[in-house]
Amino acid sequence: MDKMWSGRFSASASSLLDQFNASIMFDRKLYLEDIEGSLAHATMLEKQGILTKEELKQITDGLNQVRTEIESGEFEWKISDEDLHMGIEKRLTALIGDAGKKLHTARSRNDQVAVDFRRWTLKKNLVLVEALKALMKEVLVVAEQHTETLIPGMTHLQHAQPINFGFHLGAYLSMFKRDIERFESSYERNNVSPLGCAALAGTPHNVNRETTADLLGFDSVSVNCLDTVSDRDFALEILFNISTMMMHISRLSEELIMWSSYEFGFVELSDEYSTGSSIMPQKKNPDVPELLRGKTGRVYGSLMGLLTVMKGLPLAYNKDTQEDKEGVFDAVETAEISLEILKEAIKTMTVKPHNMEKACAIGHLSATDLADYLVEKCNIPFREAHFITGRAVAKGEELGVDLSAMEFKYLKEIDERINEDVMPYLALRHSMNARTSQGGTATVRTLEQLEFFRAYITEQSEDLNV
Ligand code: ARG
């Protein structure tokens, strides 16, 4: 009968229940947020005349002592204490006596856990922003070296139009920028303090929620206590943000896997970030991008898990909510290591421009340019131009040559109106550089885009130093 809530019980909880009910094995990750939350709460209680100066001093010293014990590994985490909140409070009371018992005045574990988990999650949004910026930097380095390297742009995984490799990587930079914006906006939206909401309805004690919000670095105080103690949107948001980011990482991984195959041969992953086969001595496997692709599924699982936990809960706190943490911890850890390893894999991979350009000479990538030429220079309506180009492609297939290498006489045979000035239009580099519309692949446009991303991550670093 050593439970903090045992007053109304006449028999002890079974050890099976203890095991089932406890979260202390995983929520101990939040120990720093819990201690900081308690320090802020006690400071406010003293300011409001609810605790004496002496009691505050004892609580502060005691909590600092508990922190030291936790960090040195001395602290005993007991399943029978149920969660970290009670484990820490119990140890505090053992250390300082009666003052420890006053700490929970005007507070409930419901607002306590909401504070701890929210602050932990908020910080992780910013950690992931930093990690994304570091990844963007490495992608930018490669992109900037390859603004003239031709690569087949595809739709339906079929050769479509020539683009440059820097432009291709620029697409991922756009995705990562949106990911950063999502983490930042979640940070801002959820930066409100739950402390002082108590169990669900507020408290009759004369607390000052602004004081604790300030001490804990929250921007403001939450508006409605009933909502706040059962709100896990901040956890859902980080899971969604990570899921979307992992989806982007997974798409890039898929391309890295294809590009490093013999069929493509566009990149070679470094030995440091590749693995071998236990039976086939010749093999070099892209385990890193494969695992990144695989882990994406696991992160989606955590998002769906928590959405499902939350969907049927009546207001306000329900114990189901305790299931919110492990999925978030796991997803954040997965995101952190994924960003780090992808960054290293990109930094150390070898790009093979020769193979990329060779691949562009297959599949008549400049066909659209021939049609555009017919429209622009011969005044032929686009539909007809499309048909004539189709015949030129068929001729190329028959001769076994790509449109970009076809002799002029064959084109003239197909349509009298075609003149010799068509030839530059068929060249692949010309085709890429002709796409000068805003956001297009032309090298000049690609350079603009990459400059934009470089400025963005530089600005970002300055912002966050403030
Ligand atoms: N361990 C609990 C959790 O993680 C803390 C809140 C418990 N509140 C309660 N009324 N049982 O959600």
Side-chain angles (χ1 to χ4, degrees), residues 3-5 13-34 37 77-89 107-125 127-128 183 186 189-190 192 194-195 197-200 222 224-246 294-338:
K3 296 269 190 282
M4 297 193 125
W5 40 251
S14 79
S15 66
L16 183 60
L17 172 76
D18 274 355
Q19 242 184 359
F20 187 64
N21 200 30
S23 54
I24 200 162
M25 311 75 80
F26 51 85
D27 65 16
R28 50 197 265 195
K29 219 187 200 32
L30 306 175
Y31 81 91
L32 197 56
E33 288 75 15
D34 196 72
W77 296 101
K78 289 199 232 101
I79 294 268
S80 57
D81 284 341
E82 193 177 321
D83 57 28
L84 94 153
H85 320 294
M86 292 202 285
I88 290 177
E89 195 186 319
R107 185 175 74 169
S108 153
R109 272 186 300 154
N110 296 351
D111 58 345
Q112 192 174 359
V113 71
V115 169
D116 297 358
F117 192 30
R118 185 180 287 255
R119 284 187 71 233
W120 186 91
T121 307
L122 286 175
K123 276 185 237 165
K124 289 297 182 184
N125 277 291
V127 167
L128 292 174
F183 285 116
S186 290
R189 186 172 26 264
N190 294 298
V192 296
L195 203 52
C197 282
L200 71 161
S222 73
N224 176 291
C225 294
L226 194 62
D227 166 54
T228 309
V229 288
S230 65
D231 170 24
R232 292 296 179 273
D233 291 2
F234 62 92
L236 288 167
E237 282 188 35
I238 202 167
L239 286 172
F240 175 77
N241 297 346
I242 293 174
S243 294
T244 307
M245 179 192 86
M246 289 300 291
K295 283 176 189 294
T296 303
R298 175 163 139 197
V299 169
Y300 291 179
S302 296
L303 171 63
M304 290 320 295
L306 186 55
L307 279 169
T308 312
V309 164
M310 297 304 294
K311 75 183 255 295
L313 298 186
L315 292 173
Y317 180 85
N318 298 267
K319 189 76 173 204
D320 315 43
T321 316
Q322 183 166 285
E323 291 293 311
D324 57 0
K325 291 171 205 64
E326 288 157 293
V328 171
F329 290 158
D330 183 71
V332 167
E333 206 175 297
T334 303
E336 285 181 300
I337 192 165
S338 296

Partner residues of Arg189 under the salt bridge (Lys or Arg N to Asp or Glu O under 4.0 Å) criterion, sequence neighbours left out: Glu237
Ile242 pairs by side chain to side chain contact (heavy atoms under 4.5 Å, CB included) with which of Val328, Val332, Leu303? Val332
For Arg119, enumerate each residue passing the salt bridge (Lys or Arg N to Asp or Glu O under 4.0 Å) test, keeping only those at least two apart in sequence or located in another chain. Glu36
Carboxylate-amine/guanidinium proximity below 4.0 Å for Glu82 and Arg109: yes
Quick one: list whatever passes side-chain contact (heavy atoms from CB on, under 4.5 Å) with Met304, sequence neighbours left out. Leu307
Kindly say whether Ala198 contributes a backbone atom to a donor-acceptor pair with the side chain of Asp111 at under 3.5 angstrom? yes
Could you give me the CA-CA distance, side-chain angles and deciding distance for Val299 and Met245, then say whether side-chain contact (heavy atoms from CB on, under 4.5 Å) is met? CA-CA 10 Å; Val299 169; Met245 179 192 86; over 6 Å; no
Point-to-point distance, once rounded to the nearest 0.5 Å, from CG of Leu128 to CD1 of Ile238: 5.5 Å
Of all heavy-atom pairs between Ser338 and Lys295, which one has the smallest distance, and what is that distance? OG-CD, 4.4 Å
Going from CG on Asn21 to CG on Leu16, what distance comes out if it is rounded to the nearest 0.5 angstrom? 10.5 Å
With Lys78, which residues qualify under salt bridge (Lys or Arg N to Asp or Glu O under 4.0 Å), at least two apart? none
Judged by atom type as modelled, is there a donor-acceptor pair below 3.5 Å linking the side chain of Arg118 to the main-chain atoms of Phe234? no
Using the ring pair (Phe, Tyr, Trp, His ring centres under 6.0 Å) criterion, which residues pair with Phe183? Sequence neighbours excluded. none
Quick one: list whatever passes side chain to side chain donor-acceptor pair (under 3.5 Å) with Lys311, sequence neighbours left out. none
When you measure from the side chain of Asp116 to the backbone N and O of Val113, does any donor-acceptor pair fall under 3.5 Å? no
Taking atom CG of Asn110 and atom OG of Ser230, what is their separation to the nearest 0.5 Å? 9.5 Å
Only counting residues at least two apart or in another chain, list the ones meeting side-chain contact (heavy atoms from CB on, under 4.5 Å) with Ser302. Leu239
Sequence-distant partners of Lys124, salt bridge (Lys or Arg N to Asp or Glu O under 4.0 Å), two or more places apart: Glu336
May I have the step-by-step check of side-chain contact (heavy atoms from CB on, under 4.5 Å) for Leu306 and Phe240, ending in yes or no? CA-CA 11 Å; Leu306 186 55; Phe240 175 77; over 6 Å; no
Can you tell me how far CG of Asp83 sits from CG of Leu30, rounded to the nearest 0.5 angstrom? 10.0 Å
Please check: side-chain N/O of Thr296 versus main-chain N/O of Met246, any donor-acceptor pairing under 3.5 Å? yes
Hey, does Glu323 have a side-chain heavy atom less than 4.5 Å from the side chain of Asp320? no
Quick one, Asn125 with Ser186, criterion side chain to side chain donor-acceptor pair (under 3.5 Å). Give me CA distance, side-chain angles, the key distance, then yes/no. CA-CA 8 Å; Asn125 277 291; Ser186 290; 4.6 Å; no
Taking side-chain contact (heavy atoms from CB on, under 4.5 Å) as the test, write out the residues that go with Tyr31, two or more places apart. Ile35, Arg67, Ile70, Glu71, Trp77, Leu84, Ile88
Go through it in stages, so that I can follow the logic: the residues are Arg107 and Leu195, the test is side-chain contact (heavy atoms from CB on, under 4.5 Å), and I'd like the CA-CA distance, side-chain angles, deciding distance and then a yes or no. CA-CA 8 Å; Arg107 185 175 74 169; Leu195 203 52; 4.1 Å; yes
Can you list everything that forms a side-chain contact (heavy atoms from CB on, under 4.5 Å) with Leu226? Sequence neighbours excluded, please. Leu200, Asn224, Leu315, Ala316
Give me each pair satisfying salt bridge (charged side-chain N to carboxylate O under 4.0 Å, His left out) with a member in residues 13-29, each pair once, sequence neighbours excluded. Lys3-Asp18
Return the CG to OG1 distance between Leu236 and Thr121, rounded to the nearest 0.5 Å. 10.5 Å
Write out all pairs satisfying side-chain hydrogen bond (donor to acceptor under 3.5 Å, both in side chains) with one or both partners inside residues 324-333, taking only residues at least two apart or from two chains. Arg232-Asp324, Arg298-Asp330
Quick one: pull up CG in Asp81 and CD in Glu89 and give me the separation to the nearest 0.5 Å. 10.5 Å
